[in-house]
Amino acid sequence: VNAAPPSSQAAPPLASRHFILGTAGHIDHGKTSLVKALTGTDTDRLPEEKRRGMTIELGFAELAIGPLRFGVVDVPGHEKFVRTMVAGATGIDVALLVVAADDSVMPQTIEHVAILGLLGVPRMVVALTKVDMVEPDMAELAAAEVEDLLAATPFAASRVCPVSSITGHGLDDLREAIAAAAGAIAAPPRDRPFRMCVDRVFTLAGRGTVVTGSVLRGRVEAGETLDVFPGGFSCRVRDLQSHGIEQTIVAGGQRAAINLGGIDRDQVDRGSELATPGYLAPSRMLDVSLQALASADRPLKSTAVVHLCMGTTEAPVRVVLIDRPELAAGESAYAQLRCGRFLTAAYGQRFILRDASATRTLGGGVVLRPVARRRRWPVDRELAALGRVERGTPEDRLEDLLTLTGFQPPTDLQVCARAGIEPGDVAAVRQRLREADRLVSLPGGDAEVVPAVVETLLGRVTAWLATFHAKHPDAPGRPVEALLGHLERAAGRPAVRGLLDRWVASKRIGVLGNFVALPQFAPKLSAAEDKALAAMIEQIRAGGLKPPGLAELVLPAKIEAKRLDRLALLAVALGELVRIDSSIYLHADADRRLRETVAALIREQGPVSVSQAREALDSSRKFAVPFMEYLDRVGFTRRVGDKRELV
Ligand SMILES: Nc1nc2c(ncn2[C@@H]2O[C@H](COP(=O)(O)OP(=O)(O)OP(=O)(O)O)[C@@H](O)[C@H]2O)c(=O)[nH]1
Ligand SMILES: [Mg+2]
């Protein structure tokens, strides 16, 4: 009966179920007392906190309930410290809303619940404290008021547990409710990349800089290197602790104290972030979905400056609404947040907006594009794209990201940050895009792009040509080399020839000799110029290897010298003539004869001098020197001393 081998499906090690539990609630309602009653830790450590009998800074404790481990974050309830509360609420898995039975629902009860909702905290448990101080019906009334408050929020199903931190009444019930809430949620990812928002920094004599925070996701090991933002410095993890106990590894859902090497105390502060190198990228602009609180007393105007609380950081940002001048209470819309300094965010990250003086909570939202750009698409396209990023599949999100990154494809870590796809899943999502032709390979290599990126590039090329044609209606187009240079800067060298060939084959771009043009474009000439062009080609053809110069042509009408030069270049583009130098043009047939003769001569005799070539060509010195220089220039021959050999 007991012969079964150890199962690989055994429950994960008990210690691996880690969550962050965060308090919330109005001042003096008993948050800190409850944390102490549950954990034995008094989190009000500062002398000022002791003197004033209130919490000012975030406090931390550890709570074990059966196999579950909770890092507890105790926040201040005072309305002046809502920003600290938001920093503490970052990364919490279960909210512990504390409401005093004698006081019932109060302003910061309401504000904290709104903030927890905007932050997308998955679960809440309500502790109705101080029940030892009131009659049972008072407690019931308060419980009913809390339920009313929560009814219209994501926390409507939260359990309300009457407790007393003084007598210990109801604490077991509360523990059980907390465990049940945590059991219902997915623990945060424990695979790399690692990310932590710093909520405290201190220096220890002999050990250097220590930062603490709630690990948002991933894991980190002692000895590893991490990026520090803002600034993007590199630092080394010297050693790690969680709740005062040395660890070799800390991961999502745990509190961590990290001793950092290679960094000064003043390079890191509350609001800094630590992350696996290559994961987060700083940006001054974020594309977001915004939600205004229903209780907001005035609309949020587009371009207004407000106060952003995100992670443990705070910054003034300008809100640019995409499709409306203002956002009324209770409404939601897409917007771009613009900041004077660099922010670091990840896809799906929640944030809070407060008014410019940071005294009222206006709303919050979700980051859709952590690295946004200033120039947006037309409103309809932008809204549709943001809608897919917010509500679509991982394929939709990756496609949007690849549309923005164009020819510079992101790494899997960057995809994780910017599209919310775990690094291990990126290859499969890419494959599904490929199968649906939403990702195509570029010619000349294994680079892949979404088709829209190539279309955008082609659109730019066509606009560039159209502008040129409008300005120079008689020119054959732009030199192929100029276009290739253009394409190389955008799409990289291996792809350029293939792209151009594709466009020419599909008649999106036309080619005229060495020039590119719009396919329907033809140089416009007057009737006189048309005749002159034909006469020029004919007379130069007839001249063979002793062609008349442009000035010697006999033309049906008088044409200005400058116009004549342009006509000659057009004939070159048409492939009729080749240009030897500024005054000598050769017909294509004569050019062929020139090359054949010189090649045959060199093959027979070895390197030839100009006069040997002149004799063979039956030409004059006037032509022989320019001819040979022309052949050198086009790479047909090469000069050695005063002779030429074939290349
Ligand atoms: N009788 C009784 N008193 C309590 C209970 N819980 C807290 N108190 C008292 O209420 C007062 C405020 O408690 P705190 O735990 O500091 O309240 P807080 O919510 O942490 O306050 P802030 O952190 O400033 O928002 C203290 O004097 C506590 O002794 C309780 O369950 N019963
Ligand atoms: Mg407190």
Side-chain angles (χ1 to χ4, degrees), residues 20-63 70-90 92 94-116 124-143 145-146 149 158-175 177-178 199-200 214 255 309 358-359 361:
I20 305 289
L21 176 75
T23 63
H26 198 74
I27 186 167
D28 265 351
H29 277 202
K31 296 178 288 297
T32 305
S33 308
L34 181 60
V35 169
K36 183 158 188 220
L38 288 170
T39 68
T41 304
D42 181 1
T43 56
D44 280 350
R45 298 151 296 133
L46 301 177
E48 192 187 353
E49 292 180 316
K50 294 265 183 262
R51 198 174 61 245
R52 293 170 70 180
M54 64 191 267
T55 303
I56 296 169
E57 271 302 328
L58 298 175
F60 307 99
E62 188 182 25
L63 173 65
F70 293 88
V72 182
V73 180
D74 183 42
V75 306
H78 195 290
E79 63 170 325
K80 280 221 174 87
F81 303 136
V82 173
R83 291 148 69 174
T84 308
M85 179 270 170
V86 175
T90 281
I92 71 178
V94 179
L96 179 59
L97 178 68
V98 172
V99 183
D102 58 341
D103 228 9
S104 190
V105 171
M106 294 294 281
Q108 268 63 56
T109 317
I110 298 168
E111 187 170 18
H112 286 191
V113 166
I115 288 169
L116 295 168
M124 175 182 282
V125 173
V126 182
L128 194 67
T129 53
K130 308 195 187 183
V131 288
D132 58 294
M133 288 173 63
V134 296
E135 295 304 319
D137 53 349
M138 272 291 282
E140 268 164 39
L141 188 62
E145 285 182 14
V146 176
L149 169 68
S158 306
R159 266 175 67 180
V160 180
C161 304
V163 298
S164 166
S165 302
I166 305 291
T167 67
H169 170 85
L171 292 184
D172 283 342
D173 244 20
L174 178 63
R175 283 194 187 89
I178 292 170
D199 49 32
R200 238 176 352 146
S214 305
R255 289 288 308 169
C309 301
T359 52
T361 301

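Just so you know, ligand 1 is whichever comes first in the structure, and atom 1 is the first atom listed for that ligand. Counting from 1, the numbers follow the sequence of the chain as shown. Heavy atoms only: backbone and side chains are in, while hydrogens, waters and symmetry mates are out.
- Contacts of Glu111 classified as salt bridge (Lys or Arg N to Asp or Glu O under 4.0 Å), with partners at least two apart in sequence or in another chain: Arg354.
- In this structure, Glu145 places its CD atom where more than 12 heavy-atom neighbours from other residues, nucleotides or ligands lie under 6.0 Å away.
- Residues Val73 and Asp199 form no side-chain contact, since every pair of their non-hydrogen atoms from C-beta on lies 4.5 Å or further apart.
- Considering only heavy atoms from C-beta on, Val72 stays 4.5 Å or farther from Leu96 through its side chain.
- Listed by atom number, the atoms of ligand 1 under 4.0 Å from Met54 heavy atoms are 24 (O).
- At the shortest separation from atom 31 (O) of ligand 1 among protein heavy atoms lies Ser165 N, 2.9 Å.
- Annotation: protein N, O or S atoms under 2.8 Å of the Mg ion (ligand 2) (waters excluded) comprise Thr32 OG1, Thr55 OG1.
- Note that atom 27 (O) of ligand 1 has no protein non-hydrogen atoms nearby, at separations under 4.0 angstrom.
- Ligand 1 places these atoms under 4.0 Å from at least one heavy atom of His29: 17 (O), 19 (O).
- Shown in contact with Ile27 at under 4.0 Å from a heavy atom are these atoms of ligand 1, numbered in order with element: 24 (O), 25 (O).
- Annotation: atom 18 (P) of ligand 1 to nearest protein heavy atom, Lys31 N, 3.4 Å.
- Put simply, the side chain of Leu58 does not reach to within 4.5 Å of the side chain of Arg200, judged on heavy atoms.
- Applying the ring pair (Phe, Tyr, Trp, His ring centres under 6.0 Å) criterion to His26, with sequence neighbours excluded, gives His29.
- Contact atoms of ligand 1 toward Asp132: 1 (N), 2 (C), 30 (C), 31 (O), 32 (N) (distance under 4.0 Å to a heavy atom of the residue).
- Nearest to atom 23 (O) of ligand 1 among the protein's heavy atoms is Thr55 OG1, 2.7 Å.
- In terms of protein heavy-atom proximity, atom 17 (O) of ligand 1 is nearest to Gly30 N, 3.1 Å.
- Closest protein heavy atom to atom 8 (N) of ligand 1: Lys130 CE, 3.6 Å.
- The list of side-chain hydrogen bond (donor to acceptor under 3.5 Å, both in side chains) pairs with a residue in residues 70-86, not counting sequence neighbours, reads Thr23-Asp74, Thr32-Asp74, Thr43-Asp74, Arg83-Glu314.
- For the pair Asp28 and ligand 1, a heavy-atom separation below 4.0 Å is found.
- Nearest heavy atoms, Thr129 versus Gly30: CG2-O, 4.4 Å.
- Using a 4.0 Å cut-off to heavy atoms of Gly77, the atoms of ligand 1 that qualify are 22 (P), 25 (O).
- Of the charged side-chain nitrogens involved, at least one lies within less than 4.0 Å of a carboxylate oxygen, so that Glu48 and Arg52 count as a salt-bridged pair.
- Residues Met124 and Val113 share a closest heavy-atom pair of CE-CG2, 4.3 Å.
- Nearest non-hydrogen protein atom to atom 15 (O) of ligand 1 is Ser33 OG, 2.6 Å.
- Shown are Thr109, Leu149, Val99; of these, the side-chain contact (heavy atoms from CB on, under 4.5 Å) with Val126 is made only by Val99.
- With respect to atom 2 (C) of ligand 1, the closest heavy atom belonging to the protein is Ile166 CG1, 3.2 Å.
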